Every structure is written in C-alpha cells, then in structure tokens.
Amino acid sequence: MILPALVQRDVSLTHFNTFGLPARAALFAAIETPEQLAALIDLPEWPSVPRFILGGGSNLILSGDFPGLMLQVRIPGRALLAETADAWLVRAGAGENWHHFVRWTLDHGWPGLENLALIPGTVGAAPVQNIGAYGLEIAERLQSVEAIALTTGEATIFDRTACRFGYRDSIFKREVAGLYLITAVTFRLPKPWRPLAGYADLTRELAAQQIADPTARDIADAVIAIRSRKLPDPAQIGNAGSFFKNPLVDAATFARLAAHYPDLPHYPQPDGTVKLAAGWLIERCGWKGRNLGPAGVYERQALVLVNRGGARGADVLRLAEAIRISVQAEFGVELELEPVVL
Ligand code: EPU
C-alpha cells in the first residue's frame, strides 16, 4: 500500500490518550482540513481499512494496539456566525480544545457555556457523548454538527434533533458510530443570559465565595475551582474523567434502596426513573482511594479511575470489572462504562 505523506506507520498513542495507556496504531493521520480527509477517502484501499476517530483522547480506554488507521481530528477555527436579538451563534472547528473555546466565548462576552469549563477534550468530541456538568449538557446549547460521511466523503449537517441526545449519549455513539467524522460544531448561546447555579456543589461554591449574583465568569471560575479540587488533572495523573455513567433505576428499585440507605443521593428524572450517584455507590463499597495493581480509584472522587503509573488498558478494565461486581453485589445496581473502549 502506497501511503500519502499524511499517513504515518506504527505510531505510539500513549500521549494521545489522557489515561496515558500504552498502545500503538498501525496507521495514523492528523486531519487538519476536510480536504485531507477527502484525499484519504479517495484511496483505493480506503474501504478495507478499519478506522477510528480520535479527538483529545480524554474519554478513551485503549485496551491494546489498533490495527487500522487512527484519524486524529485537528481541524481549527472559531468564529461568531451571527448575533440576533435572542442568541449568539458561535462555530468552532472540531479540533479546537474545548476549554480554550469556552474561555474564548467568555472573553468575547458570549456567555452560555461557563458551566462546562475545564472539561478535557475537543469541540468535535463534545456532542458525541453530550458532555455535561454542573447542571448543563451540551445538547442544550448545540445548534448543529457538521460531519463528513466516511464511506462516501459527503458533507452532512446534523441539527440538534438529529443528534438524538441522551445522558452522555448521542447518535454518534450509537446508530452512526464510526461512520462520520465531525468537522465543526455550531452553538446557540441564548439571550438573555441567565446563571445556571442550582447544582449543589456550584451553589455551595458560590456561597463560600460570597457571590450572590454571579456573572458567567464567576460561574466558570467556581466550576474550575470545584473541578480542580475533585478531579485529577490528566497532565499529572492519567484518567478519563468519570469512568461509569450515573445509573438510572426504576422507582421500585429506588424505593427498595432508599429504605436501606436513607442518605443515598438521588436525582428524579422526568420519565419517573431515578438517577443515582455512581461515585457514592462505589465509595460505599470501600473502593475510594484503593488500587488494584497500577490502576486505582481517585481518593477525592470515586467515580474516577486513575493510572498510578505504568497501567495498561487491561489493568484499568480489571479494576472497573471488580468495582462493577461489588456494586452489583451490594446494591443490585448495574454500572455501565462511560468512556469508549477500543
Ligand atoms: N459522591 C460520593 N463519593 C464520591 C463521589 C461522589 O459520595 O466519591 C456523591 C457526592 O457527594 C454527590 C454525588 O455523589 O452527592 C454526585 O457527585 P458529583 O457532584 O461530584 O458528581 P458525579 O455524579 O460524581 C457527574 C458527572 C461529572 C460532572 C459532575 C458535575 C457523570 C458520569 N459524571 O459526576 O462528569 O463533572 O457530575 O456535574 O455524569 C465526566 O463525565 O467525565 C464527568 C467528570
């Protein structure tokens, strides 16, 4: 196979995943423009090469080497598309760093993404798992997703409804998983801006700072303070953020659990189910701060698994499985992994 200059062979992925897991890609290409992708799609070998799309690698567990072509999205660009009476429309290239993008919107006086400050990863990955934190999910601010179909090279636009957003979920994780490469995302930041400060940790942090009437910048600063306290910085300790989704249980299961555990944190959902805090369940099983080989449970947030040094994907997955079994045995609740396992 004759490869374009863009494609490298046998590339280490250790620095391309925030868990710092060792793995190699047989082929690797950094995509900075849609035209570069089009050139790859035109190759005669393209249909037979397995591929995987990489953003910031912040929600990824590499269980071993990847035998195909790893496409790392580095498409840049940020712009205000329009300002209307009721919103700012802001577009960013999929390769932009998410937090830098949030900071840039705030610097320009376009609030609306402040609750999602300091989330690792890229703009293009944000809609894939519908990133959310401190009372806001990206689904609520998203206008459209631009993507290229990997089979045909055709450009497509997904509006918000077409993205089929759910809790840490979208069409890009399910029906069309692996079929599109997201090139850009447009956000709708509504006017008038109102603070979203109802999430318990955020309310507490603003009160502690004696801020009664927060600006968007105050909220971003409070979110950054909470995240920095509770979540490990991937530059220092390898991790992929929350390792499990917060489980949804039916009302009868919740009633049974609440009778045994009166302090069980719970969040009733519009459809009658109840969301539980996986971190609390894991902590109650005694896992917080514990290690299994080189993988561990972060001492300040039990929902986060960490690389204590030299962990491989298998070590992390072994720890995750032990935790899943404990929580199932103690509470009868099934935990589901949040990151993508490759
Ligand atoms: N809790 C414990 N022990 C722990 C961790 C949490 O008892 O070790 C309890 C807390 O006391 C609280 C409840 O669990 O009552 C919820 O904790 P927290 O507010 O820290 O949030 P979370 O449910 O653990 C979720 C998201 C995070 C997001 C925060 C804030 C998921 C899977 N995780 O965590 O997202 O930052 O809420 O909104 O929904 C991520 O997805 O990677 C992520 C970090």
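Fair warning: this is a prediction, and the values are worked out from it, not measured in the lab. Start at 1 and go down the list; that is how both ligands and their atoms are numbered.
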Determine whether the aromatic ring centres of residues W104 and W110 are separated by less than 6.0 angstrom. yes
4.0 Å heavy-atom contact, F244 with ligand 1: yes
Under 3.5 Å between some N or O of ligand 1 and some N or O of R300? no
Do the side chains of R318 and E321 get close enough for a salt bridge, i.e. N-O under 4.0 angstrom? no
Note: N59 and E338 closest approach over all heavy atoms is OD1-OE1, 3.2 Å
Nearest 0.5 Å, what's the CZ-CG distance between R256 and D250? 9.0 Å
Could you tell me whether E283 approaches ligand 1 through its side chain, its backbone, both or neither, with non-hydrogen atoms closer than 4.0 Å? side chain
Short N/O distance, under 3.5 Å, between A302 and ligand 1? yes
Could you tell me if the ring centre of F101 sits under 6.0 Å from that of F187? yes
Do any heavy atoms of Q129 fall under 4.0 Å from ligand 1? no
Suppose we call two aromatic rings close when their centres sit under 6.0 Å apart. Are F66 and F28 close by that rule? no
How far is atom 14 (O) of ligand 1 from its nearest protein heavy atom, and which residue and atom is that? A277 CB, 3.2 Å
Where do F158 and I182 land on the side-chain contact (heavy atoms from CB on, under 4.5 Å) test, with the steps shown first? CA-CA 10 Å; F158 292 83; I182 294 174; over 6 Å; no
Closest protein heavy atom (residue, atom, distance) for atom 36 (O) of ligand 1: R227 NH1, 3.4 Å
Under 4.0 Å from a heavy atom of G241: which atoms of ligand 1 are those, numbered in the order shown and with their elements? 42 (O)
Would you say R168 contacts ligand 1, with heavy atoms under 4.0 Å as the rule? yes
Salt-bridged, E146 to R91, with N to O below 4.0 Å? yes
Counting from 1 in the order shown, the ligand 1 atoms closer than 4.0 Å to a non-hydrogen atom of E338 are 40 (C), 41 (O), 42 (O)
Counting heavy atoms only, which part of Y267 comes closer than 4.0 Å to ligand 1: side chain, backbone, both or neither? side chain
Aromatic ring pairing W280/F331, orientation class (parallel under 30°, perpendicular over 60°, tilted between): tilted
Identify the closest protein heavy atom to atom 1 (N) of ligand 1: which residue and atom is it, and at what distance? W280 N, 3.8 Å
Check ligand 1 against G279 and write out every atom of the ligand that is under 4.0 Å from a heavy-atom position of the residue. 2 (C), 3 (N), 4 (C), 5 (C), 8 (O)
Show the atoms of ligand 1 that are less than 4.0 angstrom away from any heavy atom in K288. 3 (N), 4 (C), 8 (O)
Atom 37 (O) of ligand 1 - nearest protein heavy atom and its distance: Y199 OH, 3.3 Å
protein heavy-atom neighbour closest to atom 43 (C) of ligand 1 works out as S242 OG, 3.0 Å
For atom CZ of R312, decide whether the heavy atoms of other residues, nucleotides or ligands shown that lie under 6.0 angstrom number more than 12. no
Donor-acceptor contact present, side-chain Q269 to main-chain Y267, <3.5 Å: yes
What residue and atom, counting heavy atoms only, is the protein's closest point to atom 5 (C) of ligand 1, and at what distance? Q301 OE1, 2.8 Å
Nearest non-hydrogen protein atom, atom 34 (O) of ligand 1: L303 CD2, 4.0 Å
Indicate whether atom 11 (O) of ligand 1 is within a distance of less than 4.0 angstrom of some protein heavy atom. no
If you measure from the Lys or Arg side-chain nitrogens to the Asp or Glu carboxylate oxygens, is any gap between E83 and R188 under 4.0 Å? no
Using a 6.0 Å cut-off, check whether atom CG of D271 has over 12 heavy atoms from anything other than its own residue. yes
Provide the number and element of each atom of ligand 1 under 4.0 Å from a heavy atom of P265. 15 (O)
Per-atom contacts, ligand 1 versus Y167 - under 4.0 Å to a heavy atom: 31 (C), 32 (C), 39 (O)
Element-labelled atoms of ligand 1 that are located less than 4.0 Å from some non-hydrogen atom of A133: 36 (O), 38 (O)
Could any protein non-hydrogen atom be found less than 4.0 Å from atom 31 (C) of ligand 1? yes
Which residue and heavy atom of the protein sit nearest atom 25 (C) of ligand 1, plus the separation: N246 ND2, 4.0 Å
Output, in order, the C-alpha distance, side-chain angles, deciding distance and verdict of side-chain contact (heavy atoms from CB on, under 4.5 Å) for M70 and L27. CA-CA 6 Å; M70 183 71 75; L27 301 169; over 6 Å; no
